[in-house]
Amino acid sequence: MRPILKTGNRAHAMEDINSLIKIRIDKINEIREVLKINPYPYTYNASHISSEIIDDYEKLFASQETVSLAGRVMAVRDMGKAAFLSILDRGGRMQIYISNKNLNEQDYKLFEKIDMGDIIGARGVVKKTKVGEITVFASELTMLTKSIRPLPVVKEKDGVTFDLFSDKELRYRNRPVDLIVTPGVKETFQKRLMIIKNIKGILDGKNFLEVETPILQPIYGGAAASPFTTHHNALDIQLFMRISPEPYLKRLIVGGFDRVYEMGKCFRNEGIDRTHNPEFTILEIYQAYADYEVMMNLTEELITDTCMKVNGSLETEFSGKKIDFKKPWQRLKMADALKEFAGMDIESMSDDEIEKKLKSHGGEVKGGYVRGLAIDSLFKILVEEKLIQPVFITHHPVETTPLCKPDFSDERYLQRFELFINGTEFANGYSESNDPLFQRKTLYEQSLRRDIDDEAPPMDENFIQAIETGMPPTGGLGIGIDRLVMILTGEVSIRDVLFFPTMKPE
RNA sequence: GAGGCGCUAGCUCAGUCGGUAGAGCAACUGCCUUUUAAGCAGUGGGUCCAGGGUUCGAUUCCCUGGCGCCUCACCA
């Protein structure tokens, strides 16, 4: 079934028109009919953006050349025969001086129809006002887009913001307005883009290839999570939204792309909270002939380099805690972490003791006791939240994942690491499993758990066949990009680093 | 999934011990030729989230529901 435009849309839109909007529509009509101006023209050539005018002020003032710029009107201070506009463009804010002495009659009449929120073009010379603010003294005004929906009025003086657009629900549901009026929001997203660009730059510099793999998959895997399901009409088959790009990236390693990465959306059909959004961005990297130690070093490099580029320092603050990214980060075996933070010598404990301990802390293993899963669960309950500074937890019990190689020195544990910062997981990496017989066995066993654990993925025969073809020894790494952006920008909620977080319909 | 809190004008918020409501900003009308949270005077603007109950009367009290935020649980 194709989505059909609801017939009620138009009626609803009409209802929505309140008196403030009506007044602005009247102004559009006057602009069109009286001033004979199109309030929605097609182009405008601006010579400068705000920041360039400020940077080049001395030169522009000396030459008194005419500059032009385009932006959104954020404030109108009208004093009768003179007025000041603040307009906002890509480079920031610029003040425009309006006077009927400098403007022709038509443009002055147009000025009288300008509201906060309109997008205009202004041409004029650059001077400082009496109070020393760099200002474009307008000799020509152009209406570029008449806005009919009023913006929230946010004011600011001496760094103090007044009447902030603070209703989070409205902000997330109406992000364009939020981006326009809420200080700092745009900057957070600019930082997000810088972080992503920097990480890709480092990887590109190391000859990793950025690839794209299917988001719609007939069989999902690579993590334990509930998928979103969808349906392909022509093939009449069920498809799943990927929960991880891992299985396809490994197929590419088998195919000879021996350094690949993908940064993209994954989808998990789980609850929503401060650190979880149903769709989120993951970075996965695979490097042939490398092991988990190489991937740990790469993790350190990616994050410290990016932190330095974005924040100019390796120290940041996150919800009141100082985080120090200085290398090298501590590396701690999970068993040792349990010893250090929970006072438990897990290796000397019997299954009975472990199970009791887990129960006493309100934990359980889905589908019945398994020693390794119980240890992992104890770690989560007792240790995770205590890991504030960056630390690699290594050597998880073999039962925690079927996709990782056991450590040759002690096969009860994996060559795996997870990076924890501020009590949450940021990265996860392995020496990837490439023994086809072992892989078939562990994935089969995992698929059997589906009866008792609805998050266990199904058997993926096609993937096993790829591993049977022969995957070189490979190190793999996954980093949660949204959470990384959170810690590097100091945002406590994932919704504040996503342009459009998932919301229930109103 | 559980608990707490919130939802009143375009925005930010008061308020009504139950008698259908107010401020600031925004808007509108005046005044004002260097302002910057511009200022001064005046005017208009509300399904008080929705539904039900109690009541002569509910925006207010009670119940149910919706949406959001926070905390917890869940979460490779």
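Order of the sequence lines sets the chain letters (A, B, ...), proteins ahead of strands, with each chain counted from 1. Reckoned from all heavy atoms, side chains included, excluding hydrogens, waters and symmetry mates.
- One N or O donor and one acceptor, one from the side chain of A/Gln446 and one from the base of B/A76, sit under 3.5 Å apart.
- For the pair A/Lys155 and A/Phe162, the cation does not sit on the ring face, since its NZ or CZ is not both under 6.0 Å from the ring centre and inside 45° of the axis.
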At a cut-off of 3.5 Å, list every protein nitrogen or oxygen paired with a nitrogen or oxygen from nucleotides 22-27 of chain B, distance to 0.1 Å.
residue : atom : partner  : partner atom : Å
B/C25   : O3'  : A/Lys155 : NZ           : 3.1
B/A26   : OP1  : A/Lys155 : NZ           : 3.4

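- Comment: A/Asp118 does not engage A/Lys113 in a salt bridge, judged by the lack of any side-chain N to carboxylate O separation of less than 4.0 angstrom.
- Here A/Asp167 does not pair with A/Arg171 in a salt bridge; the nearest charged N to carboxylate O distance is not below 4.0 Å.
- Taking the six-membered ring wherever Trp is involved, the centroid distance between the rings of A/Phe420 and A/Phe426 does not fall below 6.0 Å.
- Residues A/Glu246 and A/Lys250 are paired through a salt bridge, judged by an N-O separation under 4.0 Å between the basic side chain and the carboxylate.
- Between A/Lys321 and A/Glu317, no side-chain nitrogen of the basic residue sits less than 4.0 Å from a carboxylate oxygen of the acidic one, so the salt-bridge criterion is not met.
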(Q) In dot-bracket form, 5' to 3', how is RNA chain B paired? Count Watson-Crick and G-U wobble pairs only if both distances fall under 3.5 Å, and write | where the partner sits on another strand. (A) (((((((..((((.....[..)))).(((((.......))))).....(((((..]....))))))))))))....
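- Checking A/Val492 against A/Thr400, the closest nucleotide of RNA chain B that is more toward the 5' end is the one next to A/Val492.
- Within the nucleic acid shown, A/Phe379 has no heavy atom closer than 4.0 Å to any nucleic acid atom.
- No N or O donor and acceptor, one from the side chain of A/Glu133 and one from the base of B/U34, sit under 3.5 Å apart.
- The aromatic rings of A/Phe84 and A/Tyr97 sit tilted relative to each other, their planes meeting at an angle between 30° and 60°.
- If you check distances only, the side chain of A/Asp167 never reaches the base of B/C7 with a donor-acceptor pair under 3.5 Å.
- Seen from the ring of A/Tyr444, A/Arg440 does not count as a face-on cation partner, given the 6.0 Å and 45° thresholds.
- Between the side chain of A/Ser86 and the base of B/U36 there is no donor-acceptor pair of N/O atoms closer than 3.5 Å.
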